[in-house]
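Quick notes on the structure that follows.
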Amino acid sequence: MKVVGLTGGIGSGKSTVSNHLREMGVPVFDADREAHTAVEKGSPGLDKAVKIFGPRCLLPNGELNRVWVADQVFHNEDLMAAYGGMVQDEVRRRAFDFMGRMQHSDNTMSVLDVPLLIECGWHEFVDLVWLVAVDPEEQVRRTMLRDHATEEQVRARIAAQMSLEEKKKYADLIIDNSKTPEHTCRQVNNAVSRLEKLAAEAKKGRASQRIIIAE
Ligand code: ADP
């Protein structure tokens, strides 16, 4: 079972690829979604948030006041580090649970979909890194369209991330998303087929070894 770390800069098409993988039946761990649920009501993450901010961070219904928290961390670097680190730890714990479950499943592959996979050092936890890449001008255009953001806002967000060239150094596979979604999905299908073929060959190898041992 191979764990693939899927990453890509903002607006590169990572979610598009991750949705396609899910449609193919590949189990996908969505780090952004997990970061959201990591502090939902009843979670250990919410208890830790209360330890950081005090009970003021809770809404009357006991849920986290996410707007209030965002405002606090925006204005205080220490709180940002404490809260961001706590959420990252919670998500990492969930990611390890996911990978543990996957190791005991029949799946050939599973995916960790993590926007900042390399920046956070998570590429160390996975077997392969798949990077979704798009040329920077198209990345700006698509992100502006999707987020109804100005060019300046998008360029600032891209500049805050590791550059595409730097990310490429860590990638085992670069998925080119500069053309049509169909072109992108074909690359994903081919990569999944290659992994399935390798897994089938490895299984056959193990089976023939068992026969030899049995003889
Ligand atoms: P990310 O998850 O990397 O931020 P998305 O998958 O959300 O990026 O893609 C950014 C935007 O570009 C979305 O609106 C998406 O529908 C669009 N998009 C993705 N791939 C393509 C493509 N090959 N051609 C045109 N638009 C695309």
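For ligands, and for the atoms within them, numbers begin at 1 and follow the listed sequence. If you're wondering where the values come from, they're calculated on a predicted model, not measured in any experiment.
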*Given side chain to side chain contact (heavy atoms under 4.5 Å, CB included), test His20 with Cys185 step by step and report yes or no.*
CA-CA 7 Å; His20 179 63; Cys185 291; 3.6 Å; yes
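- Ligand 1 is surrounded by Gly9, Ile10, Gly11, Ser12, Gly13, Lys14, Ser15, Thr16, Arg142, Arg146, Asn177, Lys179, Thr180, Pro181, each with at least one heavy atom closer than 4.0 Å.
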*Kindly determine whether Arg186 and Asn189 satisfy side chain to side chain donor-acceptor pair (under 3.5 Å), including the steps that lead there.*
CA-CA 5 Å; Arg186 271 200 299 279; Asn189 296 348; over 6 Å; no
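- Think of Leu21 as one node in a network of Ile, Leu, Val, Met, Phe, Trp and Tyr side chains linked at under 4.5 Å; its network also takes in Val4, Leu6, Val17, Met24, Val26, Val28, Met109, Val111, Leu128, Trp130, Val132, Leu173, Ile175, Val188, Val192, Leu195.
- Checked against ring-ring contact (aromatic ring centres under 6.0 Å, His included), His123 has the following partners two or more places apart in sequence or in another chain: Tyr170.
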Donor-acceptor contacts under 3.5 Å from residues 79-90 side chains, at least two apart:
unit_1: Asp89; atom_1: OD1; unit_2: Arg92; atom_2: NH2; d: 2.8
unit_1: Glu90; atom_1: OE1; unit_2: Arg93; atom_2: NH2; d: 2.7
unit_1: Glu90; atom_1: OE2; unit_2: Lys48; atom_2: NZ; d: 2.6

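- Side-chain atoms of Thr7 come within 3.5 Å of backbone atoms of Pro115 as a donor-acceptor pair (strictly under, hydrogens ignored).
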